[in-house]
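Not measured: the values here are computed from a predicted model. Both ligands and their constituent atoms are indexed starting at 1 by order of listing.
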Amino acid sequence: MALLPLRLFLGVTFIYAGIQKLSDPGFLHKGAPTYIGTQLHGFANGTPGGFLLRALAIPHPTLAGVGVAITEIAVGILVTAGLLTRAAAAVGLVLNLILFLTNSWHTTPYFLGSDIVFVFAWLPFVIAGAEGQPSLDAELARRAKAPRPSRRGAAPAGSLVTRRVLLRQALLGAGAATLGIAGIAYAAKGSYHGAGSPALGAARRPKTRRTPTSHRSHHASHAHAKSGVPSGAVRLGPSNALSRGKAATYRDPSNGQPDVIIRDTNGQLTAMSAVCTHAGCEVTYQSGQLYCPCHGSVFNARTGAVERGPASQPLAIKHVVESGGEIYAVPS
Ligand code: FES
C-alpha cells in the first residue's frame, strides 16, 4: 500500500503527458517550435538511443508522435486503474528508458534528467504489479473466483465467470477511455497560428562574389574576409529583412535543421542553432533571449550559453555573413 501514491502519480503523469502532446497545436505542425520531427532529430543527435529513433521514428514523425501520446494515455489509464499493471508498467519503463538514452542523455549530472528517475519508479510495479493495493487486477481475480447465483436466484450454481471474459471487458473499457481522452485532447488543440520569429527565405547560393560591407557578422570567417562571400555560402535574404533587435529563422544549409539569426541593437548579426539542447524543441527569440517553449530553458542570444535549465549545453553558434545588402549562411 505504501507504493499506491507512486502508482497513481505515474499513471496520472502519463495520461497528462499524452494529453499535453495531442493538445499542443504545434506538435504535429512542421516548422512549429514544438514539432515532433524537430524534437526527434534533437533526441537522436549524438545519443546511444539515436539509432532506434532514426530507424523507427524519424522517417514517420507524425505516426511516432501520435503513437507515443496514445501509448502514454493507455499506460496511464491502465496503471491508474491497476489493470494489467505489470505489463503496463513494463511499457512505461521501456518508454522512459528510451527517453533516458535519447532525450535526457546530454543532461549532466544524470539525476537532473527525470527519465532515469521514472525508470526506477516503474520498477516495483514491473516486479510486483499492484499487489496489495486497490486495483482492477485484484477485483477481477475476486470476481472470477466468486460463485455466480443460478438463474432462479437459488443456491450458487458453482460455475465461474472466466477471468478472460472479465479482462476483455475491462480492456475494452480502457481502450475506449484512451481513444476518448486522446480524441478530446486532439479536438481541443485548435489550429497552429505560428510562433516565434519569422523565417528568412529559402537558402540560395549567390550568383557572383561580392565585396563585404562593414556589417559583416562577428562570427564570419576571417579567412574569407577579403574574398567576399565564402564559397558554398547560401543567400538567406536581404539585410533590410532583419531590423535591429529582431530575429528570424532559417534552415541550416548543412543539415536542414532550424537556426535562428539575431540582429542586436548595434546592428551586429549572430546566428545559432534553434534546436534546444535539452530535448530538441525549437527555441524562439523573446525580449533579447532565446526561450524554449517545451520546458522553459533560456539561452543567451549572443553566445548561446544556457541561462536557465533544464538544458545544460549551449546552442551551437552558426556562421553567417552580411555582404552587399544580403545575408548569407555559411555551411559548417
Ligand atoms: S526541449 Fe526541454 S527545455 Fe527545450
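Taking backbone and side-chain atoms together, His278 has an N/O/S atom less than 2.8 Å away from atom 2 (Fe) of ligand 1. Put simply, Cys276 gets within reach of atom 4 (Fe) of ligand 1, with an N, O or S atom under 2.8 Å from it.
Judged purely by distance below 3.5 Å, without hydrogens or angles, the side chains of Glu307 and Asn300 pair a donor atom with an acceptor atom. A side-chain N or O of Arg7 and one of Gln133 form a donor-acceptor pair less than 3.5 Å apart. Side-chain contact, Ser135 with Asp137: no donor N or O sits under 3.5 Å from an acceptor N or O.
Every atom of ligand 1 with a heavy atom of Cys292 under 4.0 Å away is listed here by number and element: 1 (S), 3 (S), 4 (Fe).
Here the side chain of Ser297 pairs a donor or acceptor atom with the backbone of Ala311 at under 3.5 angstrom.
Shown here for Leu40 and Leu53, the closest heavy-atom pair between the two residues is O-CD1, 4.0 Å.
Given atom 1 (S) of ligand 1, the protein heavy atom at minimum distance is Ala279 N, 3.2 Å. What sits closest to atom 3 (S) of ligand 1 on the protein, heavy atoms only, is Ser297 OG, 3.2 Å.
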